[in-house]
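Quick note: residue numbers are just sequence positions, from 1.
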Amino acid sequence: MTQQFDLNGADAAIDAAPPAVALAIFDRAGVAHRLPVRARRLLELAAACYAAARREGDERVDRAGRDLALAAPLPGCDPEDQAVVASALAFQREKLRPGREPAFLWLGEKDQRRALRLAAILRVAAVLDSPASLALIEADEAGTTIVVGGERAAKLVRRAEARAGMWRDEIGPLTVRVAGPGEVADVEAASREDGQRDDAAAVLPSLVVGQPIGGEPVAEAARQMLRRFFDKLLSREEDVLKAEDAEDVHQMRVATRRLRASLQVVEGVYDHELIRRYRRGLRQIAQSLGAVRDGDVFLEHVAAYRDSLPASERALLERLVYAVTDERARARKALVDELGSRRYGKFKRRFAEFLTTRGAGALPPPELGVTERVRDFAGSAIWRRYELWRAYEVALPQATSEALHQARIAGKRLRYTLEFFADALGPDVEQALAPLVDLQENLGALQDGVAARAHVAALGLADDPGAQQYLAAREIERGDLLAALPDLWGQVDSAAYRRQLFEMIIGL
């Protein structure tokens with residue numbers, strides 16, 4: 001059976017057009033997409049979120065729309081429905097990779113299929129958003145045809161065609177074409193005879209956008225930031241498995257560190273046992289990533305040192321290079337096994353559910369009858385991290401390698417806390433981060449030297465001449481790093497730096 005519908009009636013404001021067009025496609029292509037009637041409401045919500053995010057001017061409409069869909073309860077939706085809506089929005093991004101989307105990961109197979117088909121409809125509808133266009137939608141068992149009319153028809157067809165791949169993968173054949181001479185008039189006549197018109201001005205949910213910075217409930221603002229860090233972790237997973245670039249391992253490891261540190265920052269906001277469980281799961285993958293990353297860094301440094309030597313001396317380093325390369329290969333295999341394990345898959349699904357379910361794991365507010373906001377929480381969290389870092393100045397003059405390492409960890413926690421609340425703190429946060437990053441690089445290089453000595457010993461090369469020559473060069477490096485440390489430390493330990501932190505906190 002063939003179904004027809006004239007979209008000429010969708011003459012609402014352009015921002016309301018995506019819901020109007022999306023619902024028209026849903027109604028008239030039901031034979032093709034085979035979604036239940038209940039899914040229509042989910043598509044309407046997704047299209048409304050998409051339009052609201054686009055009005056806000058965010059460059060990443062897919063991510064902004066997804067976060068908007070998860071920011072507040074959606075009318076008539078349970079957590080699974082809300083995750084379906086969020087997934088349909090997330091899949092408006094240019095490259096479709098479902099395994100990277102937290103809202104999608106924990107859904108059952110049936111809901112995942114629903115999310116993909118709704119996303120496919122929205123991808124096409126989102127570019128057919130001109131009130132000046134006419135579209136005839138025909139659907140039967142053989143496929144779907146959308147005919148576009150109006151002055152911009154050719155351009156709209158090209159845009160729709162560029163986004164039609166997902167429809168063809170998830171729903172079936174699709175043809176999008178420009179209306180031929182006289183075809184539009186025929187469509188109008190058919191529509192009048194049919195007597196059916198969709199209500200393009202259907203009441204859409206009230207969506208809160210433009211929330212004052214810092215005024216968000218801390219539990220949900222934190223969940224959004226954690227979700228973005230998790231996005232970064234998932235985005236590197238496929239490339240890490242391909243082993244194409246050491247930078248992918250590095251960035252995935254950084255994402256796990258940020259997630260673990262961020263969970264520690266907000267552990268007073270969520271159930272303690274739940275946070276411990278997620279941090280433990282992240283620690284396991286972080287250890288596997290760390291083993292490979294440490295091998296990459298060590299090998300890169302050894303190779304650079306070898307290449308700096310005269311050609312006649314380079315062979316002396318070959319035994320060390322071989323040992324590190326072999327160890328790194330074994331660490332790489334262990335990492336691949338970990339990423340493919342049931343344990344890791346189960347952790348991802350559970351963590352994704354937590355990150356995309358509003359209210360999950362949140363503790364009651366510290367004061368009866370209030371909702372703790374970002375601005376009520378961030379200041380004390382930042383300042384406490386600064387105090388814990390600054391305490392190491394007592395040990396600095398005669399600091400041991402272990403004390404410097406612990407100071408580096410404290411500095412990382414301060415850095416990650418500032419980054420976690422960066423949106424609320426505003427652009428001045430970059431000025432606070434810059435000297436902290438410089439200090440962290442110095443302390444990191446010092447710790448790399450300590451780790452190199454332990455690494456050489458663990459490889460059984462304590463008596464190897466080449467390894468000892470390399471360690472002697474690192475010892476000279478260490479002296480230079482220690483000489484630079486007091487000035488770098490002083491920049492973060494200064495009254496001016498503390499004033500800068502205070503001003504950002506006061507501005508919340």
To the nearest 0.5 Å, tell me how far [X] [atom1] sits from [Y] [atom2].
X      : Y      : atom1 : atom2 : value
Glu267 : Arg279 : CD    : CZ    : 7.0 Å
Arg385 : Leu501 : CZ    : CG    : 14.0 Å
Ile171 : Ile25  : CD1   : CD1   : 9.5 Å
Glu161 : Leu174 : CD    : CG    : 7.0 Å
Met504 : Leu425 : CE    : CG    : 5.5 Å
Arg260 : Tyr416 : CZ    : OH    : 10.5 Å

Side chain proximity check, [X] to [Y], heavy atoms < 4.5 angstrom:
X      : Y      : result
Arg253 : Arg236 : no
Trp167 : Arg123 : no
Arg177 : Val148 : no
Cys77  : Arg41  : no
Val292 : Met252 : no
Leu234 : Leu105 : yes
Arg228 : Asp423 : yes
Leu282 : Leu263 : yes

Determine the minimum heavy-atom distance between [X] and [Y], stating which atoms define it.
X      : Y      : value
Gly149 : Ala179 : CA-CB, 4.2 Å
Ala69  : Val85  : CB-CG1, 4.0 Å
Tyr497 : Pro435 : CE1-CG, 3.7 Å
Tyr278 : Phe347 : O-CE1, 3.6 Å

Taking [X] for the side chain and [Y] for the main chain, is one N or O donor matched with an acceptor at less than 3.5 Å?
X      : Y      : value
Gln112 : Phe104 : yes
Arg358 : Ala71  : yes
Ser380 : Phe377 : yes
Arg276 : Leu274 : no
Gln82  : Ala72  : yes
Asp376 : Arg373 : yes
Arg66  : Leu89  : no
Glu170 : Arg113 : no

- Quick one: which of Lys242, Arg97, Lys348, Lys232 gives a salt bridge (charged side-chain N to carboxylate O under 4.0 Å, His left out) with Glu237? Lys348
- Message: Please evaluate residues Leu70 and Leu355 with respect to the criterion side-chain contact (heavy atoms from CB on, under 4.5 Å), reporting the C-alpha separation (whole Å), side-chain torsions for both, the decisive distance (0.1 Å), and the verdict.
- Response: CA-CA 9 Å; Leu70 295 172; Leu355 295 180; over 6 Å; no
- Message: For Arg350, is there an ion pair with Glu353 - N to carboxylate O distance below 4.0 angstrom?
- Response: no
- Item | Check ion pair Arg277-Glu273 (N to O, under 4.0 angstrom) |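 Answer for the salt bridge query: no.
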- Item | Modelled atom types, side-chain donor and acceptor of Gln92 and Arg163, under 3.5 Å |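 There is such a pair between these side chains.
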- Is a side-chain donor-acceptor pair under 3.5 Å present for Arg413 with Gln264?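 Yes - a donor-acceptor pair under 3.5 Å links their side chains.
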- Step through it carefully: locate the ring centre of Trp383, locate the ring centre of Phe502, and say whether they are under 6.0 Å apart. yes
- side-chain hydrogen bond (donor to acceptor under 3.5 Å, both in side chains) with His250: which residues, sequence neighbours excluded? Arg293
- Task: Begin from the C-alpha positions of Asp67 and Met225 and carry the test side-chain contact (heavy atoms from CB on, under 4.5 Å) through to its verdict.
- Result: CA-CA 10 Å; Asp67 289 344; Met225 188 56 65; over 6 Å; no
- Item | Test log, rule salt bridge (Lys or Arg N to Asp or Glu O under 4.0 Å), inputs Arg227 and Asp231 | CA-CA 6 Å; Arg227 189 163 61 240; Asp231 284 345; 6.0 Å; no
- Within 45° of the axis and under 6.0 Å from the centre of the six-membered ring of Phe420, does NZ or CZ of Arg258 qualify?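 Ring-cation test returns no.
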- Task: State whether the number of non-hydrogen atoms from other residues, nucleotides or ligands found under 6.0 Å of Arg93 atom CZ is greater than 12.
- Result: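 Above 12, so yes.
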- Item | Counterpart residues, ring pair (Phe, Tyr, Trp, His ring centres under 6.0 Å), relative to Trp389 (two or more places apart) | Tyr386, Trp489
